[in-house]
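Written out below as structure tokens is the structure these notes cover.
Only heavy atoms go into these numbers, but all of them, side chains included; no hydrogens, no water, no symmetry mates. Only a predicted model underlies this, so the values are computations on that prediction, with no experimental measurement involved.
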Amino acid sequence: MKSIVLKGHNDGYEISLKDSAAFTDILQELKQLFAELSVKQTFNQQKAVSFEITTGKRLLQPEQRKKIETLVSAYPQFSIYKFSAEVILTTQAQGMLLKRSLHLEDSIIRNGQVKELTGDILFIGAVHQGGMLRTTGSIFLLGNCEGILQAGYPNNSAAVIVGDFHQAQQIRISDAVAIIAQEKQQITAETAAYVNDLHVLDYTQREQVKQIRPKLFARMGGL
């Protein structure tokens with residue numbers, strides 16, 4: 001039984017590795033396959049060809065990927081443009097879940113402290129003046145903030161800040177910054193901050209967030 005299968009598609013070529021096969025058998029068959037393809041391509045004078053390597057429910061170890069890449073690199077006319085699998089590492093799955101979930105946070109962040117979090121945060125604690133709450137996702141503020149709120153760190157401009165942040169020193173979303181004391185916008189518990197199409201920090205009412213960021217509601221199942 002073959003350990004690899006070569007498939008041709010409209011957008012390129014795919015080599016499927018049987019997830020139940022021994023890696024030594026896979027490597028041996030890949031050597032044979034590329035040797036045969038090299039002869040055929042030279043004879044037909046074809047252009048360079050790229051392959052996607054799919055591994056099903058197998059996750060290749062870094063050294064295994066390196067062996068395949070080294071094998072293919074012996075043929076300048078061939079290259080690998082992607083490795084793909086139907087599964088991911090547990091740590092990757094946990095990280096994805098963390099980013100996609102709403103987390104409750106009740107910290108007290110004092111002057112000079114920076115609290116760094118991952119994902120969307122429902123904050124019921126307190127940020128003192130000179131303190132900073134920073135997260136990769138959005139911030140939904142039910143607590144008190146006299147310091148700095150930073151959502152979408154470092155470059156997630158789709159994040160929002162919702163809540164009564166009128167006492168905050170600054171709010172930041174991605175690399176957009178607003179000094180609240182200088183803002184003319186009336187900020188209440190119904191205010192939401194976001195980065196608009198001009199990449200400028202802007203404000204709207206809380207009920208408008210669903211229209212501005214529909215993907216946020218799709219991810220969290222509503223607020």
Side-chain angles (χ1 to χ4, degrees), residues 62 82 84 87-223:
K82 183 169 69 171
S84 60
V87 292
I88 60 174
L89 292 171
T90 302
T91 52
Q92 290 177 305
Q94 290 172 338
M96 290 171 62
L97 183 61
L98 191 63
K99 290 180 181 180
R100 293 174 63 89
S101 302
L102 181 64
H103 310 284
L104 183 66
E105 180 65 37
D106 64 350
S107 301
I108 296 176
I109 305 171
R110 296 180 170 82
N111 182 28
Q113 294 181 326
V114 178
K115 182 76 173 183
E116 297 198 38
L117 301 168
T118 300
D120 299 317
I121 304 300
L122 177 61
F123 187 74
I124 60 174
V127 184
H128 291 186
Q129 194 171 63
M132 177 186 285
L133 171 64
R134 172 189 289 164
T135 186
T136 61
S138 298
I139 297 174
F140 302 93
L141 181 65
L142 293 182
N144 300 316
C145 180
E146 298 178 356
I148 300 170
L149 299 174
Q150 183 166 17
Y153 178 81
N155 54 11
N156 176 15
S157 59
V160 297
I161 298 176
V162 181
D164 189 358
F165 45 84
H166 78 279
Q167 294 183 356
Q169 292 171 284
Q170 291 182 14
I171 61 169
R172 307 174 184 177
I173 300 177
S174 187
D175 57 354
V177 180
I179 300 173
I180 298 303
Q182 298 177 359
E183 295 294 287
K184 297 179 181 180
Q185 168 79 23
Q186 183 178 1
I187 296 170
T188 70
E190 302 299 315
T191 303
Y194 69 102
V195 175
N196 63 25
D197 293 339
L198 300 176
H199 205 76
V200 175
L201 207 149
D202 204 351
Y203 303 94
T204 188
Q205 293 301 300
R206 185 174 64 182
E207 62 265 22
Q208 298 300 315
V209 174
K210 189 170 184 177
Q211 283 70 47
I212 295 169
R213 295 288 186 267
K215 290 183 179 180
L216 177 66
F217 280 72
R219 185 173 76 240
M220 296 169 54
L223 296 177

* CA sep, side-chain torsions, deciding dist, call: T188, H166, side chain to side chain contact (heavy atoms under 4.5 Å, CB included) -> CA-CA 7 Å; T188 70; H166 78 279; over 6 Å; no

* Checking side chain to side chain contact (heavy atoms under 4.5 Å, CB included) for the pair I124/L104: CA distance, chi angles, key distance, verdict? -> CA-CA 7 Å; I124 60 174; L104 183 66; 3.9 Å; yes

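Residue Q186 places its CD atom among 12 or fewer non-hydrogen atoms of other residues, nucleotides or ligands, all under 6.0 Å distant.
Side chains of I139 and L133 form a contact here, defined as non-hydrogen atoms less than 4.5 Å apart. For the pair F123 and L149, the minimum side-chain heavy-atom distance is 4.5 Å or more. At a threshold of 4.5 Å between non-hydrogen side-chain atoms, the residues Y203 and I161 do not count as touching. Under the 4.5 Å side-chain criterion, counting only non-hydrogen atoms from C-beta, F165 is in contact with I187. Annotation: side chain of T204 is in contact with side chain of I212 (closest heavy-atom distance under 4.5 Å). By the 4.5 Å heavy-atom criterion applied to side chains, V162 and V209 are counted as neighbours. Counting only heavy atoms from C-beta outward, the side chains of H103 and L122 never approach each other to under 4.5 Å.
For the atom pair K115 NZ and I121 CD1, the distance stands at 9.5 Å (nearest 0.5 Å). Remark: D202 CG to N196 CG distance equals 5.0 Å, nearest 0.5 Å.
Among residues at least two apart or in separate chains, salt bridge (charged side-chain N to carboxylate O under 4.0 Å, His left out) pairs with a member in residues 123-137 are E116-R134.
Remark: D106 pairs with no residue by the side chain to side chain donor-acceptor pair (under 3.5 Å) rule, at least two apart or across chains.
Across all non-hydrogen atoms, the minimal contact from G137 to A159 is O-CB, 3.5 Å. Between A151 and V160, the closest heavy-atom pair is CB-O, 3.9 Å. Residues L201 and A193 approach most closely at CD2-CB, 3.9 Å, considering heavy atoms. When all heavy atoms are compared, the tightest approach of M132 to V127 is N-CG1, 4.0 Å.
Of the possible polar contacts, one joining the D120 side chain to the S138 backbone as a donor-acceptor pair under 3.5 Å is found. Checked by atom type and distance alone, the side chain of Q182 never pairs as donor or acceptor with a backbone atom of I179 at under 3.5 Å. Checking side-chain atoms of T136 against main-chain N and O of G119 turns up a donor-acceptor pair under 3.5 Å.
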Atom pairs and distances, donor-acceptor, side-chain atoms in residues 168-175, under 3.5 Å, two or more places apart:
residue, atom, partner, partner atom, Å
Q169, OE1, G130, N, 2.8
Q170, OE1, R172, NE, 2.8
Q170, OE1, R172, NH2, 3.0
D175, OD1, H199, NE2, 2.8

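A side-chain contact (heavy atoms from CB on, under 4.5 Å) with Q208 holds for exactly one of K210, R206, Q211; it is Q211.
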